**Q** 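I have a structure I would like to understand better, so I am pasting it below and will then ask my questions one at a time.
Just so it is clear, the values below take in all heavy atoms, side chains as well, and ignore hydrogens, waters and symmetry mates. Since the structure is predicted, the reported quantities are computational estimates derived from the model, not experimental observations.
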Amino acid sequence: MRRRCRAWIEAELEELRARLKLYLEKEEAMLSGDGIKRYRIGTREAERYDVDLKNLQDAIRALKKKIQELEDELCGRSPRRAIGVVPQDW
């Protein structure tokens, strides 16, 4: 595996952290009630999130995982570990 330049990793980390901050702010706004759209048709009313909360939380989880991998790469640890299993017939 070819190692990437430290400056590239740090630039990517900075970009991902900025994106994570925006996602967390959006999640906070949604949970506080600012991210809810209200609809009214005649006498009926409906409320729903502006963005699907589950998709937003999945994106946050993925960003945190990617940030952890890049930080591990900066520290010299392997970002992923491959494990192989060889079945044997006894």
**Q** Return the set of residues passing salt bridge (charged side-chain N to carboxylate O under 4.0 Å, His left out) with Glu45 (not counting sequence neighbours), or none when no residue passes.
**A**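 Applying salt bridge (charged side-chain N to carboxylate O under 4.0 Å, His left out) to Glu45 gives Arg40.
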**Q** Give a yes or no on this: more than 12 heavy atoms of other residues, nucleotides or ligands lie within 6.0 Å of atom CD of Glu25.
**A**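 For Glu25, atom CD is crowded (more than 12 foreign heavy atoms under 6.0 Å).
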**Q** Please report the interatomic distance CG(Leu70) to SG(Cys75), rounded to the nearest 0.5 Å.
**A**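 The CG atom of Leu70 sits 11.0 Å away from the SG atom of Cys75.
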**Q** Side chains of Glu69 and Lys65: does their closest heavy-atom pair fall under 4.5 Å?
**A**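 Yes; the side chains approach each other to less than 4.5 Å.
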**Q** Does CG in Leu22 sit with more than 12 non-hydrogen atoms of other residues, nucleotides or ligands closer than 6.0 Å?
**A**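 More than 12 within 6.0 Å, yes.
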**Q** Which value, rounded to the nearest 0.5 Å, describes the distance between Arg6 atom CZ and Leu74 atom CG?
**A**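 Interatomic distance, Arg6 CZ to Leu74 CG, rounded to 0.5 Å: 5.0 Å.
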**Q** Working to the nearest 0.5 angstrom, can you tell me the gap between Glu10 CD and Cys5 SG?
**A**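 The SG atom of Cys5 is 8.5 Å from CD of Glu10, to the nearest 0.5 Å.
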**Q** At what distance, to the nearest 0.5 angstrom, does CD of Gln68 lie from CG of Leu13?
**A**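 It comes to 10.0 Å.
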**Q** Supply the atom-to-atom distance Arg19 CZ to Glu14 CD, rounded to the nearest 0.5 angstrom.
**A**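 Arg19 CZ to Glu14 CD: 12.5 Å, rounded to 0.5 Å.
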**Q** Considering only NZ, NE, NH1 and NH2 on the basic side and carboxylate oxygens on the acidic side, decide whether Glu71 and Lys66 come within less than 4.0 Å.
**A**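 Between Lys66 and Glu71 there is no salt bridge, as every charged N stays at least 4.0 Å from the carboxylate O atoms.
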**Q** Do any side-chain atoms of residues 51-63 form donor-acceptor pairs under 3.5 angstrom with protein atoms, and if so which ones, sequence neighbours left out?
**A**
residue: Asp52; atom: OD2; partner: Asn55; partner atom: ND2; Å: 3.3
residue: Lys54; atom: NZ; partner: Asp58; partner atom: OD2; Å: 3.2
residue: Gln57; atom: NE2; partner: Glu27; partner atom: OE2; Å: 3.1
residue: Asp58; atom: OD1; partner: Arg61; partner atom: NH1; Å: 2.7

